[in-house]
Each structure stands twice: as structure tokens, then as C-alpha cells.
Number of protein chains: 2
Amino acid sequence: MKPILHRRRTLRDVAKAAGVSLSTASNALNATGRVNRQTRETVLQIATEIGFMPNALARGLLSRRSFTIGMLTNDTYGRLTLPMMAGVSESLVDHGISVFLCATNNDPRRAQLHLQALLARQVDGIIITGTRRDLTPAVELSGLPVPVVYAFAEGPAQTISFVPDDAHGARLAVEHLRSLGRSRIVHITGPMDYLAARIRAAAYRQICGDASEVRYGAWTEEWGYEATQAIFSRAGDRPDAIFCGSDEIARGVIDALRDLELSVPGDVAIAGYDNWEVIARQTRPPLTTVDMELKEVGRRAGLAMLALTRGEEIAPGVVELPCRLVIGRSCGG
Amino acid sequence: MKPILHRRRTLRDVAKAAGVSLSTASNALNATGRVNRQTRETVLQIATEIGFMPNALARGLLSRRSFTIGMLTNDTYGRLTLPMMAGVSESLVDHGISVFLCATNNDPRRAQLHLQALLARQVDGIIITGTRRDLTPAVELSGLPVPVVYAFAEGPAQTISFVPDDAHGARLAVEHLRSLGRSRIVHITGPMDYLAARIRAAAYRQICGDASEVRYGAWTEEWGYEATQAIFSRAGDRPDAIFCGSDEIARGVIDALRDLELSVPGDVAIAGYDNWEVIARQTRPPLTTVDMELKEVGRRAGLAMLALTRGEEIAPGVVELPCRLVIGRSCGG
DNA sequence: CAAATCTGCAAAAACCTTTTTGCATTTCTC
DNA sequence: GAGAAATGCAAAAAGGTTTTTGCAGATTTG
């Protein structure tokens with residue numbers, strides 16, 4: 001298939017058709033300078049008639065702003081990136097900014113390649129997103145000629161980052177469980193080398209005090225199953241609630257409880273984390289879980305970027321954004 | 001934080017530092033024209049020294065090719081888009097092409113907005129991705145000044161589309177089940193208004209003939225559970241295998257079988273569809289499932305786009321790409 | 001009514017790169 | 001050693017837009 005590539009219309013076409021000069025046509029379209037009302041209307045009408053659309057390349061060349069930004073992600077799966085992307089887009093599309101998405105696949109060489117390409121394209125800024133908040137970027141980013149913002153990843157000192165408030169998320173879940181009368185709550189979560197896991201565990205410990213018990217492992221269903229088996233096979237008091245570090249873990253936990261012939265939430269209440277809809281909503285019972293509001297994280301990062309590209313100053317630091325508790329049926333109440 | 005925005009280096013800077021004219025500098029860097037070896041080396045060295053990087057905007061303005069493409073998606077969740085995006089990127093990044101990702105959220109107004117922006121940015125082409133192959137795009141795309149390619153969506157006549165070969169995927173699963181000695185296979189799948197569901201069902205029917213039974217419903221775990229309950233609560237022969245239209249359905253089916261105290265794969269073998277890793281691998285037992293090779297779909301779409309932007313001709317039509325069977329333990333064997 | 005102000009438009013410069021053309025030198029050929 | 005060819009570089013044009021400057025003619029002011 002060979003598409004008909006009719007040459008795109010330029011300002012010159014508009015000017016010629018309207019019988020005015022380039023500058024007048026430009027002024028008319030942008031409502032700048034001094035243009036007679038009648039003239040302006042003629043130009044506007046002709047512009048829409050022939051489908052004129054200003055060439056963003058030429059514009060960017062002149063203004064030294066491309067009205068584009070780059071987003072570098074190492075997420076191959078998309079579960080974190082796309083919601084954030086939606087937030088970024090949402091905050092920027094109305095300001096005429098488009099987003100280059102670059103998947104690095106955790107390959108430093110590829111990341112470097114993408115970065116070079118973005119800079120060559122004169123992006124106005126770069127947003128780095130990670131799959132965990134304590135991941136060092138695969139590429140050197142200091143001394144760039146454009147502002148950098150981190151989303152779902154903590155940048156180095158003197159940079160700006162937006163991350164979910166893990167402590168807040170953990171408190172939401174744990175306090176919800178306690179408000180429902182549960183007192184023997186254990187916490188099954190992911191690997192200890194995840195900063196997010198440690199922060200959530202600390203928040204949980206602060207609330208539950210001496211009664212607290214944290215089990216670090218993996219972000220998998222299997223680990224949730226295994227940990228639950230271990231917990232319920234030993235002697236002594238049995239927990240009446242489990243706060244899980246992810247919805248996948250929660251799912252494994254519920255599976256194990258079913259095999260142990262314990263009811264959820266009757267015998268044990270379960271709280272998840274992530275609000276990964278496909279899991280959370282389809283688990284039986286549907287999970288009560290913590291939503292990290294990734295879209296909002298993206299939106300805030302986009303807004304910060306917008307301010308920076310305008311030359312406004314923003315205080316560096318890590319901004320922690322509140323989470324939201326999604327009520328399912330796994331905690332009862 | 002106010003970043004230090006040291007002005008980006010231009011070719012003029014290089015030329016001045018090297019003591020040559022703009023044209024010579026350009027020729028030296030691009031290995032065009034006639035340039036003395038010594039001069040060229042000097043220019044090259046200075047260019048790397050001061051970190052010169054040609055301005056893609058200026059380049060694009062001149063060459064009338066921006067070396068960018070736009071990707072329009074209505075997938076909010078990201079499960080389909082990001083793998084395809086990775087494939088698209090992979091086939092294009094080495095040719096110096098970057099990708100604008102635009103999430104339309106199924107909102108025609110937003111889609112139109114993104115489309116306008118892409119055209120203004122002089123993209124060399126547009127890739128449309130859908131969440132199902134029979135989805136009409138939210139925006140008018142005929143008569144565009146740039147080539148359009150569809151990925152995981154069938155475009156109208158005279159366009160180019162790449163989709164997974166649903167019939168092939170279904171055959172892979174069903175024939176695998178049969179090769180393991182299963183003969184009473186039922187098919188539980190999603191809504192009948194999905195073309196993909198109908199194609200897979202037809203392929204399944206062709207193999208199983210009179211013994212075939214298709215249950216259309218929803219792409220959910222719940223539906224899988226419910227359909228399984230219905231099938232096994234009636235009188236007559238019980239199936240020894242279930243071919244599921246999605247991994248989520250498969251999961252619901254397995255759940256139901258467990259409640260019926262039937263073993264998987266001992267009593268009933270289960271095949272899924274999608275190879276949605278988080279589900280497929282973490283189900284107990286891990287699913288044998290069909291992978292649609294989304295990355296390859298994206299890669300092929302990218303390659304087609306590349307050819308089109310070079311002015312090569314490509315025959316229109318729907319290209320169906322083979323699927324791959326991923327062996328888990330849910331079918332035994 | 002002369003001077004000052006305002007109005008409407010055009011010309012030209014600028015953004016940064018690539019490519020074509022042109023002009024001196026130098027090197028080769030007979 | 002004279003004409004032809006090759007070499008090395010610079011100047012200029014082009015791509016599409018925005019913005020500054022300039023210049024007439026119309027209108028207002030004292």
C-alpha cells in the first residue's frame with residue numbers, strides 16, 4: 001500500500017491564498033501584532049479551509065522549546081508505567097506537550113542510546129520512572145541540559161522525586177484491620193532489600209508494637225502460601241489478620257488459608273497492597289487493598305516538569321503522595 | 001531546584017572551535033563532501049570534546065522527516081501495549097526513530113487531540129494499537145499525510161494490520177491436549193462479540209468436531225468458575241480437558257475444579273490463553289498457555305512502518321502472526 | 001495645519017542543520 | 001610547462017515559523 005502523501009500545508013500556503021505576507025498570516029493566527037479584524041478572519045478561515053497546522057519542528061527550532069518530554073522506564077511489563085504515563089499525559093497534553101516513551105529493559109547501553117536520542121530531539125525535560133523506589137538509574141543523569149524528575153523512584157540528592165507514601169499505605173491497611181477488631185496481625189511482604197518493603201514494615205511495627213511479626217520473602221503468590229503454612233503450623237496464638245505486601249502475596253495467603261480450612265475474612269482478615277485490579281477484584285473474596293495512586297504520582301511528576309520547563313524553581317526532595325484504601329470483602333466489616 | 005541549563009552546543013560552536021566553516025564541519029561529521037583527513041579528525045575530536053549533538057529539530061525541518069512515529073493506544077492498563085511498545089522500539093531504535101506514546105483512554109476527543117499533535121510534530125507514521133482485534137479506531141484515520149499501521153487491531157480495507165493468529169493459537173492448545181490423550185475437550189471463553197473469541201472457537205470446533213462445546217461468557221475468573229460448575233453439575237460424560245480463552249478464565253476453572261475435588265491435570269487438563277505471566281506462572285499448577293507474542297507483533301508493525309516511511313510499497317491486508325505454546329504443568333504430559 | 005500618534009501590513013532576521021555551488025590551490029597528464 | 005583534473009574549503013540557500021523592525025498612510029492632538 002502506497003499512501004497518498006499530499007504535501008503538508010505551510011504558513012506560506014495560507015499567506016499566499018489570503019494575499020498577505022508571512023508575518024501577517026502568522027500574526028493573525030497567533031493573535032499577536034497588529035492585524036485588521038477583517039484580515040485576521042480571512043486568514044483564519046483559509047487556514048482551517050486548507051487544513052493548515054503549524055510545523056512543530058520549525059516552531060521548536062525557533063523557540064528553543066520542543067514541547068516534548070522523554071520518559072525513561074525500566075518496566076517491561078507495563079503494570080506500573082502505563083498508569084503513570086496516563087497521569088503524566090493528563091497533566092501535559094493540555095499544555096501541548098507530547099511524551100516520548102523509552103523502554104530501557106534495564107539495559108544501560110539501551111538507556112544511554114535513548115537518552116542521547118532524547119537530548120538530540122531537544123526534549124524540554126526527562127522523567128525517570130522505576131519499578132521500585134530505591135533503584136539507581138541505569139545511566140548518568142547529572143549535568144544534563146534539561147530538568148529531570150523521578151517518578152516511583154528516588155533520585156539522588158538535589159533532585160525531585162515523587163513516590164507513593166509507603167508508610168501511609170501501610171498505616172491505612174493496618175489501622176483498617178485494627179478498627180475491625182483484629183489484634184494479632186502479621187505482615188508478609190517482599191524481599192528485605194526493597195526500601196518500600198522496609199518502610200511499610202516499619203510503619204506496621206510502629207502500630208502493632210510487640211505483637212508485630214514481619215516475614216520478608218518474595219513478591220509472589222508462592223511465598224504468600226508458604227509463609228502462611230509456616231505461620232499456622234506452629235504452636236501458640238494464631239493471627240486473626242494478615243497484612244500482605246502485595247496482592248499476589250495476598251492471593252497466595254488466601255489460597256493457603258483455604259487449604260487450612262480457615263475462612264476469609266471470618267477466621268483471618270486479609271489486606272493486600274497494589275490494587276492490581278486483575279488480581280484484587282477477581283480473588284475470592286475480592287481484596288481490600290492499598291492503591292498507590294500511580295496515576296496521581298505521574299500527574300504530579302508531570303506538573304513538576306511543567307513548572308521546571310517554565311524556569312520556575314522547585315525545592316528538591318522526595319515527595320511522598322498519599323495512598324488510598326480500596327475496600328473489598330477480604331477484611332469483613 | 002533550578003537546574004543549570006548550559007546552552008546546548010551547536011554546529012556553529014564546533015566550527016568556530018575548529019576554525020572551519022559550518023559546511024566543512026557538517027561535512028566532516030557526516031563524512032560527506034570533500035574534507036581533508038586531518039581537518040575531519042580535528043572537527044570530530046572537538047565535537048566529542050564539547051559534547052556536540054546535532055539538533056534533530058533542525059535536521060527534521062530540512063529533511064522533511066522527523067524520525068519519530070506516534071503510537072496511539074486505548075489500553076489503559078498496559079498489559080498489551082507495553083510489550084508491543086517494546087517490540088516497536090526494538091525495531092526502530094537502531095534506525096534512530098523515537099516513539100511518541102499517546103493513551104487515548106477510549107475518548108474520541110482525546111484521540112483527536114493526540115492525532116493533531118502528532119501530525120503537527122511531523123511524525124513519519126502512526127501505529128494504532130487496540131485491545132481487541134475488531135475494535136474500530138476512535139478517530140478518523142483515512143487521508144492522513146502519513147502511513148498508518150495497525151497492531152493488535154484490524155484496520156479498514158487497504159490498510160496494513162498485524163494481529164496474532166488466533167486460529168493458530170487455538171490449534172496449538174487443542175492439539176496439545178489431544179496429543180496428551182484428552183478427547184472430551186470443552187472450550188470456555190470470553191464474550192461472543194469478540195472476533196478473537198469467535199475465531200478461536202471456530203478453530204477449536206474444526207478439530208473437535210461433534211464433541212465440541214463452546215461456552216461464551218466474560219474474560220473473568222468468575223465466569224470460568226461459574227461455567228465449570230455448570231458443566232460438571234450436569235449428567236452425562238464429563239470433560240477430561242478444558243481449553244480456556246484466557247488465563248484468568250483458566251484460573252477460575254481450576255478454582256472450581258478444586259472445589260469439585262477434581263485434580264488438575266489428573267482428572268482434567270487445563271490450557272490457558274495469553275501467557276499473562278503473573279497469572280500463568282503463579283497459578284497452581286502453573287498454566288500451559290498460549291503466548292500471543294505481542295512483542296513480535298509490535299516488532300513487525302515497526303518494521304512495516306520503517307518500510308513505509310522509506311516509501312517502499314507493502315501489500316495491504318491483515319498479517320496473522322504465529323502464537324507459541326508455553327508448557328506449564330496444567331496439562332500434564 | 002503641522003506635529004504627533006496610531007494602524008496595518010511587509011521585509012528581514014533568527015533558530016540549526018544539510019546540501020549545492022563556487023572558487024582558489026594543488027596535483028596530475030601529455 | 002600548459003591544460004586538465006582533483007582537492008579543500010567557504011558561501012549561500014533551503015526548510016517553516018516567530019519576532020523585530022520599518023514604513024507608509026490614516027487619524028488624532030494642540
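Below, chains carry the letters A, B, ... as their sequence lines are ordered, and counting in each starts from 1.
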Enquirer: Mind jotting down which residue pairs meet the salt bridge (charged side-chain N to carboxylate O under 4.0 Å, His left out) criterion with at least one end in residues 91-114 of chain A? Sequence neighbours excluded, please.
Expert: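 Output for this query is empty, none listed.
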Enquirer: Counting only non-hydrogen atoms, which of residues 33-45 of chain A are less than 4.0 Å from DNA chain C?
Expert: A:Arg34, A:Val35, A:Asn36, A:Thr39
Enquirer: Given atom CG of B:Leu29 and atom C1' of C:dT19, what is their separation to the nearest angstrom?
Expert: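 Taking atom C1' of C:dT19 as the reference, CG of B:Leu29 is at 15 Å.
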Enquirer: Strictly by salt bridge (charged side-chain N to carboxylate O under 4.0 Å, His left out), give each pair with a member in residues 62-88 of chain A just once, sequence neighbours left out.
Expert: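 Pairs touching residues 62-88 of chain A that pass the test: A:Arg65-A:Asp124, A:Arg79-A:Asp274.
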Enquirer: Sequence neighbours excluded, which residues qualify as side chain to side chain contact (heavy atoms under 4.5 Å, CB included) partners of B:Gln116?
Expert: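 Residues passing side chain to side chain contact (heavy atoms under 4.5 Å, CB included) with B:Gln116: A:Met53, B:Gln112.
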Enquirer: Applying side-chain hydrogen bond (donor to acceptor under 3.5 Å, both in side chains), which residue pairs with at least one partner in residues 12-25 of chain A are found, sequence neighbours left out?
Expert: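 Checked against side-chain hydrogen bond (donor to acceptor under 3.5 Å, both in side chains) - neighbours excluded - the pairs reaching residues 12-25 of chain A are A:Arg7-A:Asp13, A:Ser21-A:Ser23, A:Ser21-A:Thr24.
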Enquirer: For B:Leu29, give me all partners under side chain to side chain contact (heavy atoms under 4.5 Å, CB included), at least two apart in sequence or on another chain.
Expert: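 Scan of B:Leu29 (side chain to side chain contact (heavy atoms under 4.5 Å, CB included), adjacent residues dropped) gives B:Leu11, B:Val43, B:Leu44, B:Ala47, B:Phe52.
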Enquirer: Taking only residues two or more places apart in sequence, or in another chain, which ones meet A:Arg132 in a salt bridge (charged side-chain N to carboxylate O under 4.0 Å, His left out)?
Expert: A:Asp134, A:Asp193
Enquirer: Using five pairs at either end of the helix from C:dC1-D:dG30 to C:dC30-D:dG1, determine the angle between the two local helix axes and round it to 10 degrees.
Expert: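 What I find for the helix from C:dC1-D:dG30 to C:dC30-D:dG1 is an axis angle of 50°.
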Enquirer: Taking 4.0 angstrom as the limit, do B:Glu293 and B:Arg300 come out as a salt bridge?
Expert: no
Enquirer: Could you list the residues that satisfy salt bridge (charged side-chain N to carboxylate O under 4.0 Å, His left out) with B:Glu41, not counting sequence neighbours?
Expert: B:Arg37
Enquirer: Return a single string for nucleotides 11-17 of chain D, one symbol per nucleotide in 5' to 3' order, where B is base contact, S is sugar-phosphate-only contact and - is none, cutoff 4.0 angstrom on heavy atoms.
Expert: B--BBBB
Enquirer: Can you run down the ring pair (Phe, Tyr, Trp, His ring centres under 6.0 Å) pairs that involve residues 98-149 of chain A, sequence neighbours left out, and say none if there aren't any?
Expert: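 Of all non-adjacent pairs touching residues 98-149 of chain A, those that pass ring pair (Phe, Tyr, Trp, His ring centres under 6.0 Å) are A:Phe100-B:Phe100.
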Enquirer: A:Leu294: what forms a side chain to side chain contact (heavy atoms under 4.5 Å, CB included) with it, not counting sequence neighbours?
Expert: A:Leu80, A:Pro83, A:Met84, A:Phe152, A:Met292
